[in-house]
There are 2 protein chains.
Amino acid sequence: MKRDSRLSGILHVLLHMAEQDGPVTSEMLATAMQTNPVVIRRIMGGLRDQGYVSSEKGHGGGWTLTCDLNAITLRDIYDAIGAPTLLAMSNRTEAPGCLVEQAVNAALVQAFNDAEALLLTRLGEVTLAQLSADFHTRLSQRGGKFDLETVHAS
Amino acid sequence: MKRDSRLSGILHVLLHMAEQDGPVTSEMLATAMQTNPVVIRRIMGGLRDQGYVSSEKGHGGGWTLTCDLNAITLRDIYDAIGAPTLLAMSNRTEAPGCLVEQAVNAALVQAFNDAEALLLTRLGEVTLAQLSADFHTRLSQRGGKFDLETVHAS
DNA sequence: GCTTCATGGAACATATCGAGTTACATGAAA
DNA sequence: TTTCATGTAACTCGATATGTTCCATGAAGC
């Protein structure tokens with residue numbers, strides 16, 4: 001299975017932005033994330049529409065956080081990127097009239113729904129502020145200084 | 001996301017096999033599943049290696065169930081097909097040295113693991129015999145007769 | 001005004017993987 | 001020896017996450 005890492009990536013970006021004073025350009029974020037600026041814009045565009053970040057063109061432009069990290073959960077971000085499929089498995093639906101398929105799918109759907117519900121609940125329990133706090137704990141434990149441009153260099 | 005329907009498909013096949021007296025050919029199962037015989041063989045090959053089914057070549061050959069449906073859970077079948085990825089999302093690992101990425105992934109991994117564990121537990125709670133019983137309940141409710149060749153026709 | 005810098009967005013390329021298909025070999029029964 | 005069935009390799013196809021190129025738009029600085 002090809003797996004979606006957008007949620008992980010976007011959280012990474014947002015937390016890096018939280019460490020910056022002014023706007024951050026797609027270029028800087030792309031360097032940090034080791035990807036392409038266009039990929040960053042694509043991801044951020046959805047968040048801007050939800051009001052979580054804003055963008056400015058031209059000199060001194062870039063991306064800025066416009067939300068309270070305490071008020072945003074991972075679930076909110078998940079929803080903001082379009083609530084992509086959580087589970088890698090699905091039911092066959094080639095023969096919906098087949099009673100065997102109905103019995104199989106009924107059992108699987110129940111298990112799948114339970115797992116999805118739990119995952120969404122867990123995501124709703126964690127705020128971006130908590131992630132940021134966790135990051136700062138790790139930072140002070142390691143003792144080094146933080147620099148967006150070089151922290152990903154290795 | 002492209003989603004994997006192998007588990008659903010193989011359960012469908014096994015329950016159809018349970019309704020047959022003698023061996024069932026890949027051809028018959030493929031017709032029932034509206035797919036290709038080779039796809040059936042590919043799926044069944046893994047199960048044969050696990051001892052859940054056996055195969056015979058030549059005239060009168062085909063696939064036969066060699067396990068007690070009461071003793072096999074959906075979890076067992078899941079394991080037999082190679083325990084494919086359950087979740088459609090993954091963590092970025094492009095910058096494992098980045099403390100931000102570590103904080104993000106730690107939070108996501110916990111949520112993901114909880115959901116996966118619950119799903120596997122649920123799958124382990126359902127036996128193939130229960131699915132078969134559910135099918136027969138549905139069959140008697142509908143009142144029609146069951147025929148492998150025609151039940152998928154519509 | 002002109003240049004530079006930045007986002008915005010379309011279009012295209014690439015890599016992966018489930019799924020389907022074709023072709024041929026192996027082996028068992030009639 | 002003919003027929004039927006599995007066993008397996010190799011190929012195509014489609015979907016999609018991801019990456020890339022190109023140009024338009026607009027804001028800041030000169």
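Every chain is numbered from 1, with letters handed out A, B, ... down the list of sequences. It should be emphasised that the depicted structure is a prediction, and the values quoted were computed from it without experimental measurement.
- The side chain of A:Val38 lies closest to D:dT21, out of D:dA9, D:dT21, C:dC5.
- Taking atom CG on A:Leu7 and atom P on D:dA17, their separation rounds to 14 Å, with Å as the unit.
- For the pair B:Met89 CE and D:dA17 P, the interatomic distance rounds to 10 Å; values are reported in whole Å.
- Counting only N and O atoms by type, the side chains of A:Trp63 and A:Ser54 include no donor and acceptor under 3.5 Å apart.
- OP1 or OP2 of C:dG8 has not a single side-chain nitrogen or oxygen of A:Arg41 nearer than 4.0 Å.
- If you check the side chains of B:His136 and B:Glu19, you find a donor sitting under 3.5 Å from an acceptor.
- A:Asn36 places its CG atom 18 Å from the P atom of C:dC12, with the value rounded to the nearest Å.
- For B:Met33 and C:dG20, the CE to C1' distance is 14 Å, given to the nearest whole Å.
- Residue-to-nucleotide proximity on DNA chain C shows that, of B:Arg3 and A:Gly60, the 5′-proximal contact is made by A:Gly60.
- At distances below 3.5 Å, at least one donor-acceptor pair connects side-chain atoms of A:Thr121 with backbone N or O atoms of A:Ala117.
- When the salt bridge (Lys or Arg N to Asp or Glu O under 4.0 Å) test is applied to A:Asp134, the partners found at least two apart in sequence or on another chain are A:Arg138.
- In this structure, B:Ile43 places its CD1 atom 15 Å from C1' of D:dG7, rounding to the nearest Å.
- Here A:Ser55 reaches the OP1 or OP2 of C:dG8: one of its side-chain N or O atoms lies under 4.0 Å away.
- In this structure, A:Gly61 and A:Arg42 both approach DNA chain C, and ranking their closest nucleotides by distance from the 5' end singles out A:Gly61.
- Here the nucleotide nearest the side chain of B:Thr25, chosen from D:dT6, C:dA29, D:dT18, is D:dT6.
- Nearest nucleotide to the B:Lys57 side chain, out of C:dA30, D:dA10, D:dA5: D:dA5.
- With sequence neighbours excluded, the residues that form a side chain to side chain donor-acceptor pair (under 3.5 Å) with B:Ser8 are A:Asn105.
- For A:Asp4 and C:dC17, the CG to P distance is 15 Å, given to the nearest whole Å.
- One interatomic measurement links the two molecules: CD of B:Glu56 to C1' of C:dT26, which rounds to 14 Å at whole-angstrom precision.
- Map A:Thr35 and B:Gly45 each onto its nearest nucleotide of DNA chain D; the residue landing nearer the 5' end is B:Gly45.
- Under 4.0 angstrom from either OP1 or OP2 of C:dA19 there lies at least one side-chain N or O belonging to B:Ser5.
- The CD atom of B:Glu27 sits 10 Å away from the C1' atom of D:dA5 (whole-angstrom rounding).
- Relative to the side chain of B:Arg48, the nucleotides D:dG7, C:dA10, C:dG8 differ in distance, and D:dG7 lies closest.
- Listed pair B:Ser26 / D:dT6 meets the phosphate criterion, a side-chain N or O lying under 4.0 Å from OP1 or OP2.
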